[in-house]
Structure formats: structure tokens, C-alpha cells
Amino acid sequence: MSSPTSSAPAELPAGYDHALETFKSTLTDPFTNHVINAMSPETPERARMTLISLIRHLHSFVRDVQILSDEWLLGVNILNRAGQMSNDLRNEGILVSSVIGLEALVDQIAQEAMSKMSEGVTKQATLSALLPRERLVHTAPNGMYEQQDPEQTDYNNRGKFKTDKDGYYSLRCLYPTSYPIPYDEPSSDMLKLMGRHPMRPAHIHIMVRKPGYANLTTQIYDSHNPYTKDDSVFAVKDSLIVEFKETERPDVKYELTYDIHLSKAKEIKV
């Protein structure tokens, strides 16, 4: 997973190196344990494990950082705004999780589970907050998807294709364009607070479906784009970086050969 920063551990401010001890304290903290023990015995096992960990980590985080009431309310309002701005074509909640690397981390865990089942499969990438409705999607040259831009016709730059009997496919599309995620919403407020840019690298969304195989949702990224190594949502994986090569054809400026390898459909266990 490519990152715009070093893989070295982030430096913590003085006095903030006790997070582990703070978390350990939740194991014996009466209030945290009271909240956990309020769960019903009928709570499903996976849900119980997940919620116990979530509660302990959240309580530890609040104690470690000493969150104040107005800061807590700010966080609640960010979640509220994300929900209010979301609809069938846009999911702001995904974007909020993406700018802090949460979606990419979940994707990485799923990919590691898939790699244990099948070697050499094409890696998936983020689901995309814009919820593409077809099998191949990219923006217009202005960096906007059709549902963002009233000047574009419905389903512009979206397509659904089938391979031949041997699995080969061919299509024409526009050269991908880098673009900023919308900069007037909760996710962009978080980026501004962290002093980060909103740019996504030039990419093409690909979704592949085949009976008997795991569904694949991924993106391919232009190797020459400056944001490919500095993606605002940390979605780029090295194996998904491609090189569009110039051609001598009068009707096509660039071409790309890209093989997609699917994993057999099996239950993924982490």
C-alpha cells in the first residue's frame, strides 16, 4: 500500500507515549467493564468480540487524549454531517474513513485473507465513495464523475463489458485524470486540519464479476501521475500502478495491456 509519508513510526508529542498503558488500564477499569458487561449474553460471538474491542479502544483513546466535551461534540457532528450528505450516489462516511486510512486498512486485511486462498490474484482497491454503478468508470477530463456534473449526460464515462470465451477484453476510454475529493464536507475539513491535500491520482475503476469467482472491485493508477505516490485516501497499491504507452495510431494516443486475475469464490476468514 503506497503512502505519501515514510513507513517509520509517527513521532508522538512529549507525554503521549503512554497509550499502551492507558489501554491496559481499561482491562480493570470499573466503568469500562460495566459498559462491556451490559451486553446481553445473546450477543453474537463476532459482534461481542468486535464491540468489546471497540469499547476498550474508544475509552482508552478518550482517556489518553483527555477529550473534552466540545471536542467530543465536534466528532459527533462530523459523523452527523457525513450521514446527512450521503445518498445513493455518494457516501461521505466512506470518504471520512478513507482520509484517515481506515478504508485502505480494511481493504488490506481483506486482501491478505484472499492471498492465502489464491496466489497472483489482482488486488482490490477502495470501494469508492462515489459508488460506481457499472463495470468500468472514470471521470471526465474536468475531474468530475457524471453524477457530480450537471453538464454530463447520465452514465457518461461508465461502461459494462463482457470478455470473449477465452477471457479477453478490449475497450476504448479516456486517459484518466487526477482530481480532488469534494473540498466542502467533513472529510475535507479533516484534511485541512491535518494540513493535507485532497488530490486523488488519475485512475480507472474496474469491477469484475464471474460466476464461481470472488467479485473484484479495484482501480488502476497512472504511473506518471504525481499523486500516484501521494494519494489522499491511501488506496494505491504498487501492483495496481500501470504505464500507459504511447502509440503511433492516429485514433489512439495511449494503450495499456492489463491482465486481471480472479480468486476462486470461497468464504474469506480473517
Side-chain angles (χ1 to χ4, degrees), residues 1-4 104 107 111 114-115 118-149 151-181 197-264:
M1 181 167 56
S2 297
S3 169
D107 176 63
Q111 190 66 46
M114 288 185 66
S115 66
S118 303
E119 294 185 3
V121 299
T122 299
K123 291 189 175 181
Q124 63 184 29
T126 56
L127 295 178
S128 173
L130 294 168
L131 302 178
R133 294 168 289 184
E134 299 302 324
R135 300 300 185 250
L136 187 141
V137 183
H138 58 69
T139 68
N142 64 0
M144 299 180 72
Y145 293 95
E146 54 89 7
Q147 72 267 35
Q148 298 173 307
D149 185 1
E151 300 299 320
Q152 295 186 47
T153 58
D154 289 345
Y155 295 95
N156 189 41
N157 296 317
R158 298 174 181 270
K160 191 172 184 178
F161 307 89
K162 288 186 177 181
T163 69
D164 66 16
K165 61 183 179 62
D166 297 316
Y168 288 96
Y169 69 100
S170 177
L171 58 93
R172 293 190 185 191
C173 65
L174 299 179
Y175 192 89
T177 304
S178 56
Y179 62 88
I181 63 174
H197 69 76
M199 297 301 296
R200 292 232 55 216
H203 62 277
I204 298 174
H205 297 265
I206 300 174
M207 286 164 283
V208 183
R209 307 290 183 261
K210 178 179 173 60
Y213 290 80
N215 292 342
L216 174 68
T217 300
T218 192
Q219 301 170 23
I220 54 175
Y221 301 89
D222 178 14
S223 62
H224 299 291
N225 189 271
Y227 296 106
T228 293
K229 291 294 186 179
D230 191 9
D231 183 10
S232 62
V233 302
F234 309 101
V236 179
K237 299 178 178 68
D238 290 341
S239 63
L240 300 178
I241 300 174
V242 299
E243 183 177 0
F244 294 91
K245 296 183 178 180
E246 290 195 46
T247 75
E248 296 181 357
R249 296 169 54 182
D251 58 334
V252 176
K253 186 173 183 179
Y254 298 97
E255 65 179 3
L256 170 70
T257 298
Y258 187 71
D259 294 333
I260 298 172
H261 302 274
L262 300 179
S263 170
K264 286 284 189 179

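The structure displayed is predicted, hence computed values, not measured ones.
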Roughly how far apart are [X] [atom1] and [Y] [atom2], rounded to 0.5 Å?
| X | Y | atom1 | atom2 | answer |
| --- | --- | --- | --- | --- |
| Arg209 | Lys162 | CZ | NZ | 14.5 Å |
| Ile181 | His197 | CD1 | NE2 | 10.0 Å |
| Leu240 | Thr122 | CG | OG1 | 7.5 Å |
| Arg135 | Lys160 | CZ | NZ | 5.0 Å |
| Asp251 | Lys253 | CG | NZ | 13.5 Å |
| Thr228 | Ile220 | OG1 | CD1 | 11.0 Å |

Report the C-alpha distance between Ile241 and Lys229 in whole Å, list the side-chain angles of each, state the deciding distance to 0.1 Å, and finish with yes or no for side chain to side chain contact (heavy atoms under 4.5 Å, CB included).
-> CA-CA 10 Å; Ile241 300 174; Lys229 291 294 186 179; 4.0 Å; yes

Does any N or O in the side chain of [X] come within less than 3.5 Å of the main-chain N or O of [Y], such that one atom is a donor and the other an acceptor?
| X | Y | answer |
| --- | --- | --- |
| Asn225 | Tyr227 | yes |
| Thr247 | Val252 | yes |
| Gln219 | Ala235 | no |

Does a sphere of radius 6.0 Å around CZ in Phe244 hold more than 12 heavy atoms from other residues, nucleotides or ligands, not counting ones at 6.0 Å or beyond?
->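 Atom CZ in Phe244 is packed in, count exceeds 12.
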
If you look at every heavy atom in [X] and [Y], which pair is closest and at what distance?
| X | Y | value |
| --- | --- | --- |
| His138 | Cys173 | NE2-CB, 3.3 Å |
| Pro198 | Ser232 | O-OG, 3.4 Å |
| Thr177 | Ala140 | OG1-O, 4.0 Å |
| Ser239 | Lys123 | OG-CD, 3.5 Å |
| Pro201 | Val236 | CG-CG2, 3.8 Å |

For the residue pair [X] and [Y], establish whether any side-chain heavy-atom pair is separated by less than 4.5 Å.
| X | Y | value |
| --- | --- | --- |
| Tyr169 | Tyr258 | yes |
| Leu136 | Ile204 | yes |
| Val242 | His203 | no |
| Glu151 | Asn142 | no |

Working for side chain to side chain contact (heavy atoms under 4.5 Å, CB included), residues His205 and Tyr145 = CA-CA 11 Å; His205 297 265; Tyr145 293 95; 2.6 Å; yes

What's the verdict on side chain to side chain contact (heavy atoms under 4.5 Å, CB included) for Asp231 and Arg200, showing C-alpha distance, side-chain angles and the deciding distance?
-> CA-CA 5 Å; Asp231 183 10; Arg200 292 232 55 216; 2.8 Å; yes

Not counting sequence neighbours, which residues clear side-chain hydrogen bond (donor to acceptor under 3.5 Å, both in side chains) with Asp222? List them please.
->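 Testing Asp222 for side-chain hydrogen bond (donor to acceptor under 3.5 Å, both in side chains), a comparison that skips the adjacent residues, returns Tyr175.
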
Run the ring-ring contact (aromatic ring centres under 6.0 Å, His included) check on His224 and Tyr254 step by step: do they pass?
-> CA-CA 13 Å; His224 299 291; Tyr254 298 97; 8.3 Å; no

Could you give me the CA-CA distance, side-chain angles and deciding distance for Lys210 and Thr163, then say whether side chain to side chain contact (heavy atoms under 4.5 Å, CB included) is met?
-> CA-CA 10 Å; Lys210 178 179 173 60; Thr163 69; over 6 Å; no

